[in-house]
Amino acid sequence: MPHRNLISFVDRPAGHDRRYAINAAKIERELGWRPAETFATGLRRTVQWYLAHQDWVEQVTSGAYRHWIESELRPRGSAAR
């Protein structure tokens with residue numbers, strides 16, 4: 001499957017994504033912590049995981065998980081809907 005064809009770009013307001021940006025300089029400076037992944041390697045590994053676990057993706061995107069949530073998280077003694 002040509003996965004590159006599944007990518008779609010959407011219009012966003014200018015500067016919209018900046019509020020999600022993380023600057024790890026302070027945590028690195030004060031605690032010596034550095035992320036194990038760059039954004040690029042983390043994104044690549046995430047996409048690879050989803051491609052390798054398409055059965056999980058299908059279960060989540062089908063909506064079937066809602067039945068499990070309803071049965072497992074319903075307060076005990078409550079009637080099913």
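These figures come from a predicted structure and were not determined experimentally.
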query = If you link I, L, V, M, F, W and Y whenever their side-chain heavy atoms are under 4.5 Å apart, who else ends up in the same group as Ile7?
reply = Phe9
message = Suppose clustering is done on Ile, Leu, Val, Met, Phe, Trp and Tyr with side-chain heavy atoms closer than 4.5 Å. Which residues sit in the same group as Trp33?
response = Ile27, Leu31
side-chain contact (heavy atoms from CB on, under 4.5 Å) with [X]: which residues, sequence neighbours excluded?
X	value
Thr61	Val57, Glu58
Glu30	Lys26
Ile69	Tyr65, Leu73

query = Residues in side chain to side chain donor-acceptor pair (under 3.5 Å) with Ser8, at least two apart?
reply =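 Ser8 satisfies side chain to side chain donor-acceptor pair (under 3.5 Å) with no residue once adjacent residues are dropped.
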ask   = In Å, rounded to the nearest 0.5 Å, how long is the span from CD of Gln48 to NE2 of His3?
value =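 Gln48 atom CD to His3 atom NE2 measures 11.0 Å (nearest 0.5 Å).
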note = Those residues at least two apart in sequence (or on a different chain) that pass ring pair (Phe, Tyr, Trp, His ring centres under 6.0 Å) with Trp49 are His53, Trp56
Pairs meeting criterion salt bridge (charged side-chain N to carboxylate O under 4.0 Å, His left out) with involvement of residues 31-52, two or more places apart = Glu28-Arg34, Glu37-Arg45
